[in-house]
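For reference, the structure discussed in these notes is given below.
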Amino acid sequence: MSNPFEYYQNIYRATQPAPQQGQQTGQGQGFAAPSGGMITQQGQVVASPSMFEQSYVENILRYNRGKIATVYMTFTGNQQQVFVGYVMGAGRDHIVLRDVNSNKTFILLTIYLDYVTFDEQIGLPYEL
């Protein structure tokens, strides 16, 4: 049996939500991935067009790489700190910022992030 869902076909169909408009059902075409893409039968994640329209802080920061940002953070014990620097990069759980005065580079964990401001127009990875 090449497809494990053939054996548990009725159970699998009963536990799956109804497909939304434009969503593939997984019957030989692929399955939905947690990231919003599709997992092919070969195990590869394929990006869906809507995957690039998702708005996350790290995507917005990456889109504004090289601009000066003011990052407001609150650490354990209500210790608040403000960082001002050039956005060097951002990931799912961190922001890389280079201080404008000292050229010191900070890796800031987004779990402590309150908000980010820019003193100039920012770019967005999607249309408003």
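Just so you know, these numbers use all the heavy atoms, side chains as well, and skip hydrogens, waters and symmetry mates.
Closest non-hydrogen pair, Lys67 versus Ile122, comes out as NZ-CA, 3.6 Å. Scanning all heavy atoms of the two residues, the minimum distance from Leu109 to Met73 falls at O-CE, 2.9 Å. Minimum interatomic distance between Phe118 and Ala69 (heavy atoms only, all atoms of both residues): CE2-CB, 3.6 Å. Across every non-hydrogen atom of Ala90 and Leu61, the tightest pair is CB-CB, 3.8 Å. The minimum heavy-atom distance linking Glu120 with Ile68 is given by the pair OE2-N, 4.1 Å. For the residue pair Asn101 and Asp99, the shortest heavy atom distance occurs at N-OD1, 2.8 Å.
Val82 and Val57 fall into different hydrophobic clusters, where Ile, Leu, Val, Met, Phe, Trp and Tyr side chains are chained together by heavy-atom contacts under 4.5 Å. Ile95 and Met88 sit in two unconnected hydrophobic clusters of ILVMFWY residues. Membership requires side-chain heavy atoms under 4.5 Å apart, directly or through other members. In the hydrophobic cluster analysis, where Ile, Leu, Val, Met, Phe, Trp and Tyr join through side-chain heavy atoms closer than 4.5 angstrom, Val100 is grouped together with Ile107.
Rounded to the nearest 0.5 angstrom, Leu124 CG and Asn64 CG are separated by 7.0 Å. To the nearest 0.5 angstrom, Tyr115 atom OH is 9.0 Å from Thr70 atom OG1.
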Subject >> Check against side-chain contact (heavy atoms from CB on, under 4.5 Å), Asp93 and Ile111 >> reply: CA-CA 7 Å; Asp93 66 345; Ile111 193 168; over 6 Å; no
**OP:** Step by step, work out the side-chain contact (heavy atoms from CB on, under 4.5 Å) result for Val87 and Leu97.
**Re:** CA-CA 5 Å; Val87 176; Leu97 205 68; 4.2 Å; yes
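Few gaps surround CG on Asn103; more than 12 heavy atoms of other groups in view lie less than 6.0 Å from it.
The side-chain heavy atoms of Leu113 and Val71, taken from C-beta on, include a pair separated by under 4.5 Å. You'll find the side chain of Thr117 reaches within 4.5 Å of the side chain of Tyr72, heavy atoms only.
Every residue was checked against the ring pair (Phe, Tyr, Trp, His ring centres under 6.0 Å) condition with Tyr63, not counting sequence neighbours, and none meets it.
The aromatic rings of Phe83 and Phe75 sit perpendicular to each other, their planes meeting at more than 60°, with 30° as the lower class boundary.
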